[in-house]
Structure formats: C-alpha cells, structure tokens
Student: 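Let me give you the structure first, and then I'll get to my questions.
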Amino acid sequence: MDIRVQQERFDAGAELNGFDPNGAGAVVTFTGLVRDVAGGLEEMLIEHYPAMTEKALREIAAEAEARWQLSNVLVIHRFGSLQPDEPIMMVATASRHRDAAFEAATFLMDYLKSRAPFWKKETTATGENWVESTVKDEEALKRW
Amino acid sequence: MNVVYFAWVRERIGLPHEQITTDAATVAELVDELRAREARYEAAFADISALRVAVDQELSDFDASLKDVREVAFFPPMTGG
C-alpha cells in the first residue's frame with residue numbers, strides 16, 4: 001500500500017509505470033484532474049486536515065484490501081493551489097482479476113470523494129466558491 | 001481542548017483553530033456553547049445539518065462524548081477526489 005498526501009504535482013504515467021502489480025494480472029488506475037468551470041477557473045485551492053488526512057486515506061485503502069484480493073494499492077491526493085487540467089489525485093489497484101481491480105478503484109474513488117478530509121475552493125473571475133458535496137456523492141457510498 | 005475549523009467554517013469564525021476550556025459533555029453541547037459566544041460562531045453553526053465533525057481525527061457525531069478528547073474539528077461535508 002502506498003498512500004501519499006502532497007502539494008507537488010505528479011506524473012500519472014510515471015506513477016503507473018512505477019506501480020508494482022506484484023504478479024497480478026490486472027491494474028486499474030483513475031486520475032482526477034482539475035476541471036475548468038464556466039466563467040474560467042483561475043485557481044482551485046484544496047484545503048485538508050493534516051492530522052487526519054493520511055490516516056483517513058489509509059483506512060479507506062485498508063477497507064478496499066479487506067473487501068477485494070488486491071496485490072497493491074496506490075492513492076495520491078494533492079492539496080494547495082491547483083490550475084485547470086492539473087492532476088488532483090490518482091488511485092491504482094492491482095489484482096489477479098479485473099473485476100476486483102475495477103470495483104476496488106471505484107470504491108476508493110467513492111470514499112475519497114466524501115470521507116477523506118479535503119475541501120475545494122474555486123476562484124473564477126466572478127469570485128470564490130466552496131465546492132459543495134452532492135446527494136449523489138453520498139448515495140454512491142450506499143452501493144458498498 | 002483544541003478546536004479546529006476548516007473551509008467556510010474557518011472563514012466564518014475567522015480562526016483556523018483555538019484552545020477552548022469547556023465543561024461540555026458532548027459535541028452538541030460544545031456547539032451550543034460556541035453559538036452563544038458571538039455572532040460569527042452563530043453564523044458558522046446556524047445549520048448543524050450542513051456540518052460534519054471529527055473527534056480526535058475520527059469522523060463522529062454531534063452526540064459524541066467529549067470525555068478525554070483532545071481535538072474536535074468542524075467542517076462542511078468533504079469534497080475530495
């Protein structure tokens with residue numbers, strides 16, 4: 001398991017190449033990018049809870065390992081000031097079977113979205129706005 | 001105990017964290033105590049359903065006990081990913 005909370009940009013391709021599947025036949029990765037918004041996004045600021053963040057990510061990844069047979073898990077999540085198209089976060093899962101790798105990656109994404117202590121603030125030409133969680137985000141957890 | 005605020009809760013209260021001495025037995029009692037302090041706390045805690053709480057860095061509930069607790073954090077629903 002490799003869990004990283006960092007300010008620095010990362011290279012998703014390099015991370016994939018460096019991700020050790022430990023002999024598994026399937027690797028699934030997801031990379032989340034800063035999306036532009038109408039009006040033109042000037043900055044996305046990601047705040048987090050340093051004392052809690054890594055622990056929360058480890059617990060979520062450990063839950064994925066308990067539910068699926070995974071031979072490796074990677075979670076990278078950034079904080080600080082980001083620009084449109086920059087990578088925000090990435091997950092990678094390795095398993096003997098692709099269904100497990102896909103499902104575990106989706107599970108990780110659903111939980112990171114509403115159970116990892118990050119908050120996003122968008123700045124556009126018209127002002128600042130905290131991104132709000134959606135009912136859909138919370139509903140997504142119920143399938144697990 | 002250390003009380004920590006994030007995102008718009010931090011902005012409304014105007015502080016990232018503060019040390020608070022309290023006799024509150026639960027998170028909800030602490031919230032009531034803070035709301036009674038000043039308008040900026042009332043503004044931050046006006047709608048509890050819009051808030052989440054972590055007790056000693058674990059997600060928790062507003063009826064959680066504060067016995068032996070060192071840190072309580074208040075924040076809006078998380079938006080990671």
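Lettering of chains follows the sequences in order, A, B, ..., and the numbering in each one begins at 1. Values below: all heavy atoms of this structure, side chains included; hydrogens, waters and symmetry mates excluded.
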Student: Is A:Val28 reachable from A:Met109 through a run of hydrophobic residues whose side-chain heavy atoms are each under 4.5 Å from the next?
Tutor: no
Student: Rest of the hydrophobic cluster containing A:Leu33 (Ile/Leu/Val/Met/Phe/Trp/Tyr, side-chain heavy atoms under 4.5 Å)?
Tutor: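 Besides A:Leu33, the hydrophobic cluster comprises nothing; the residue is isolated.
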Student: Would a single hydrophobic cluster contain both A:Leu45 and A:Val131, if residues Ile, Leu, Val, Met, Phe, Trp and Tyr are joined by side-chain heavy-atom contacts under 4.5 Å?
Tutor: no
Student: Where does A:Met89 contact chain B at under 4.5 Å (heavy atoms): side chain, backbone, both or neither?
Tutor: side chain
Student: Could you check whether atom CZ of A:Phe102 has more than 12 heavy atoms from other residues, nucleotides or ligands sitting under 6.0 Å from it?
Tutor: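 Check fails, neighbour count at 12 or below.
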Student: Report yes or no: do A:Phe118 and B:Val9 belong to one cluster of Ile/Leu/Val/Met/Phe/Trp/Tyr joined by side chain heavy-atom distances under 4.5 Å?
Tutor: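 No, separate clusters.
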Student: Residues of residues 22-29 of chain B under 4.5 Å from chain A (heavy atom pairs)?
Tutor: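 So no residue qualifies.
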Student: Checking one residue: A:Val27. Which other hydrophobic residues are in its cluster under the side-chain 4.5 Å linking rule?
Tutor: A:Phe10, A:Leu16, A:Phe19, A:Leu74, A:Ile76, A:Met90
Student: Any idea which donor-acceptor pairs are under 3.5 Å between chain B and chain A?
Tutor:
residue	atom	partner	partner atom	Å
B:Ala7	N	A:Glu47	OE2	2.8
B:Arg10	NE	A:Glu47	OE2	3.1
B:Arg10	NH2	A:Glu47	OE1	2.5
B:Glu11	OE1	A:Trp130	NE1	2.8
B:Glu11	OE2	A:Lys121	NZ	2.5
B:Gln57	O	A:Lys55	NZ	3.4
B:Glu58	OE2	A:Lys55	NZ	3.0
B:Glu71	OE2	A:Tyr49	OH	2.5
B:Pro76	O	A:Trp119	NE1	2.8
B:Thr79	N	A:Phe118	O	2.8
B:Thr79	O	A:Lys120	NZ	3.3
B:Thr79	OG1	A:Lys120	N	3.2
B:Gly80	N	A:Lys113	O	3.0
B:Gly80	O	A:Lys120	NZ	3.2
B:Gly81	N	A:His77	NE2	3.0
B:Gly81	O	A:Lys120	NZ	2.8

Student: Among B:Pro76, B:Ala50, B:Gly81, B:Ala54, single out the residue with the greatest number of heavy-atom pairs under 4.5 Å to chain A.
Tutor: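 Answer, by heavy-atom pair count under 4.5 Å with chain A: B:Gly81.
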Student: In terms of hydrophobic clustering (I, L, V, M, F, W, Y; side-chain heavy atoms under 4.5 Å; direct or indirect links), are B:Val4 and A:Val5 co-clustered?
Tutor: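 No.
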Student: Working to the nearest 0.5 angstrom, can you tell me the gap between B:Phe6 CZ and A:Met52 CE?
Tutor: 9.0 Å
Student: For A:Ala116, is it the side chain, the backbone, both or neither that has a heavy atom under 4.5 Å from a heavy atom of chain B?
Tutor: backbone
Student: State yes or no: do B:Val55 and B:Phe75 share one hydrophobic cluster built from I, L, V, M, F, W and Y residues joined by side-chain heavy-atom distances below 4.5 Å, directly or via other members?
Tutor: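 Linked, B:Val55 and B:Phe75 end up in one cluster.
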